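In the text below, chain A, chain B and the rest are named by the order of the sequence lines, each starting its count at 1. Only this structure's heavy atoms are used, side chains among them; waters, hydrogens and symmetry mates stay out. Just so it is clear, the structure is predicted and the values come from calculations on it, not from any experiment.
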There are 2 protein chains.
Amino acid sequence: MISKKTKYALKALGYLAEHSVGDPILISELAKEENIPRKFLEAILVALRKGGVLKSKIGKGGGYMLALPPANITIGKIVSILEGGFALVECLNDNVKGVCEECGDPACCGIRLVMSDVKKAIDSVLESTTLADMVEKSDTARQHKSKIMDFSI
Amino acid sequence: MISKKTKYALKALGYLAEHSVGDPILISELAKEENIPRKFLEAILVALRKGGVLKSKIGKGGGYMLALPPANITIGKIVSILEGGFALVECLNDNVKGVCEECGDPACCGIRLVMSDVKKAIDSVLESTTLADMVEKSDTARQHKSKIMDFSI
DNA sequence: CATAAACCTACCTATCCTATAGAGATAGGT
DNA sequence: ACCTATCTCTATAGGATAGGTAGGTTTATG
């Protein structure tokens, strides 16, 4: 289950992907528009900046911008920054600080072997879906819906 | 990330799948052999019984048995019992108690749309992998390893 | 009836998630 | 030079959840 932190991050990044035309957007604007607690968002944006997804401009006229085009930012990258990887067991995450205590021998642990397959499945989706895809999916769904609405009127 | 509870469940079920020849196995045996805190395991086994994966026999000579053949118990079922589903966002879980507060309109929420794809990917693995598969994977890996060991001696 | 088991209810504790506060650093405009 | 709008950093607090524990109760066997 992804945390609220990650959801907020995705919402904020989605907003940036849609509205940023090169100039920085304020934390307060993001917080207001996407309904995210201001101070909490601050911490999230810092993490994303350190993760290389965002750039910031300090001082008057400052704010946040995407560091890359939306099509080059994968959802996996974002989840990874905020959740520290998206494996279902610790011992499969990138920042591997050792083995699970549970699986005596990682090479033979059935749980690990199964979860490794799951991780591959998750990876294949999250690494191939970008911020641009997410925004587009949302737009398409919205248009499709409004078309149905028109039709029903 | 799956909880320790789920890992313990998988270990205990794996043990049952390998050692149960029809007669019940004691909680204490499971706890000892798989290195799981006795009382904690108790609660897990109750959940699995209520979930229809285990049968129990009360009283002297009692214990736990699988309620189905290992090949008919999917890992997905187990995870689902102990984690309450394996979606990455609440609003995609089966026991759907409403919508995420975050996605205003679930039909158009980009996060939901992406996570729905992820859930499908996870499902396809977890629903198609059974307890029997897990045990077999583990055995195969162990055999493979011991073969390499033999070879190196 | 004695004993061996699962069953049930309640509880405790540490950690993490979410959120907030406030002072500090930096840049722009005048 | 100064004021102001920003991001930046550190610290903190409440609540939820995970992990684990305790002790008594019920049920079956012999």
Side-chain angles (χ1 to χ4, degrees), chain A residues 1-12 16 20 23-32 34-51 53-67 79 81-85 88-90 97 100-102, chain B residues 1-12 16 20 23-32 34-51 53-67 79 81-85 88-90 97 100-102:
Chain A
M1 196 79 81
I2 62 175
S3 61
K4 242 167 177 173
K5 217 165 172 171
T6 303
K7 280 192 218 164
Y8 288 155
L10 290 169
K11 295 185 75 172
L16 284 170
S20 175
D23 28 58
I25 291 184
L26 301 186
I27 296 183
S28 40
E29 180 181 342
L30 282 168
K32 194 179 162 198
E34 295 293 336
N35 241 305
I36 305 170
R38 161 76 206 263
K39 279 297 200 174
F40 194 31
L41 178 58
E42 249 180 65
I44 295 168
L45 297 179
V46 167
L48 291 170
R49 175 170 54 78
K50 289 184 179 164
V53 167
L54 286 180
K55 281 187 300 193
S56 65
K57 187 157 180 293
I58 306 184
K60 198 168 184 176
Y64 274 98
M65 300 147 282
L66 296 179
V79 174
I81 290 171
L82 291 151
E83 308 271 325
L88 265 60
V89 286
E90 299 88 333
K97 351 174 175 44
C100 298
E101 340 154 8
E102 285 82 18
Chain B
M1 194 81 80
I2 63 175
S3 61
K4 243 165 176 173
K5 219 165 172 171
T6 302
K7 279 191 217 165
Y8 288 154
L10 290 169
K11 295 185 75 171
L16 285 170
S20 177
D23 28 59
I25 291 184
L26 301 185
I27 295 182
S28 38
E29 180 180 343
L30 282 168
K32 195 178 161 200
E34 296 293 336
N35 242 305
I36 304 170
R38 162 73 208 266
K39 280 296 200 176
F40 195 31
L41 178 57
E42 245 181 70
I44 295 168
L45 296 178
V46 167
L48 290 170
R49 176 170 54 77
K50 290 185 178 161
V53 167
L54 287 179
K55 280 189 303 195
S56 65
K57 186 156 180 295
I58 306 183
K60 202 169 180 174
Y64 274 97
M65 299 147 282
L66 294 179
V79 174
I81 289 170
L82 290 150
E83 308 272 326
L88 266 60
V89 286
E90 298 88 334
K97 350 174 175 43
C100 298
E101 340 154 7
E102 286 82 18

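Residue A:Ser3 has no polar side-chain atom (N or O) positioned under 4.0 Å from OP1 or OP2 of C:dC16. The phosphate of D:dG20 (OP1 or OP2) has no side-chain N or O of B:Arg38 nearer than 4.0 angstrom. Applying the 4.0 Å criterion to OP1 and OP2 of D:dT8, one finds that A:Ser56 has a side-chain N or O inside that range. Phosphate contact (OP1/OP2 of C:dA19, side-chain N/O of A:Tyr8, threshold under 4.0 Å): present. Between A:Arg49 and D:dC7, a side-chain N or O to OP1/OP2 separation shorter than 4.0 Å is absent. Between D:dT29 and B:Lys57, a contact under 4.0 Å exists linking OP1 or OP2 to a side-chain N or O. Remark: A:Tyr64 is in phosphate contact with D:dT8, judged by side-chain N or O atoms under 4.0 Å from OP1 or OP2.
Between B:Leu26 and B:Val46, the residue anchored nearer the 5' end of DNA chain C, judged by the nucleotide with its closest heavy atom, is B:Leu26. Residue order along DNA chain C, read from the 5' end via each residue's closest nucleotide, puts A:Lys5 first among A:Lys5 and A:Gly61.
Taking atom CG on A:Leu41 and atom P on D:dC7, their separation rounds to 10 Å, with Å as the unit. Separating the NZ atom of A:Lys39 from the P atom of D:dT6 is a distance of 14 Å, rounded to the nearest angstrom. For the pair A:Lys4 NZ and C:dT20 P, the computed distance is 11 Å after rounding to whole Å.
Between the base of D:dC7 and the side chain of A:Glu42 there is no donor-acceptor pair shorter than 3.5 Å.
Proximity of a side-chain donor or acceptor of A:Glu83 to a complementary backbone N or O of A:Ser3 within less than 3.5 Å is detected.
Salt-bridge formation is not detected for the pair A:Lys32/A:Glu29: no Lys NZ or Arg NE/NH1/NH2 atom is positioned less than 4.0 Å from an Asp or Glu carboxylate oxygen.
Relative to the side chain of B:Lys60, the nucleotides D:dT4, D:dC9, D:dA28 differ in distance, and D:dA28 lies closest.
Within 4.0 Å of A:Ile27, counting heavy atoms only, lie sugar-phosphate atoms of the nucleic acid but no base atom.
Within the shown strands, C:dA10 is the pairing partner of D:dT21 under the Watson-Crick or G-U definition, both distances less than 3.5 Å.
Atom CG of residue A:Leu88 and atom NZ of residue B:Lys7 lie 10.0 Å apart, to the nearest 0.5 angstrom.
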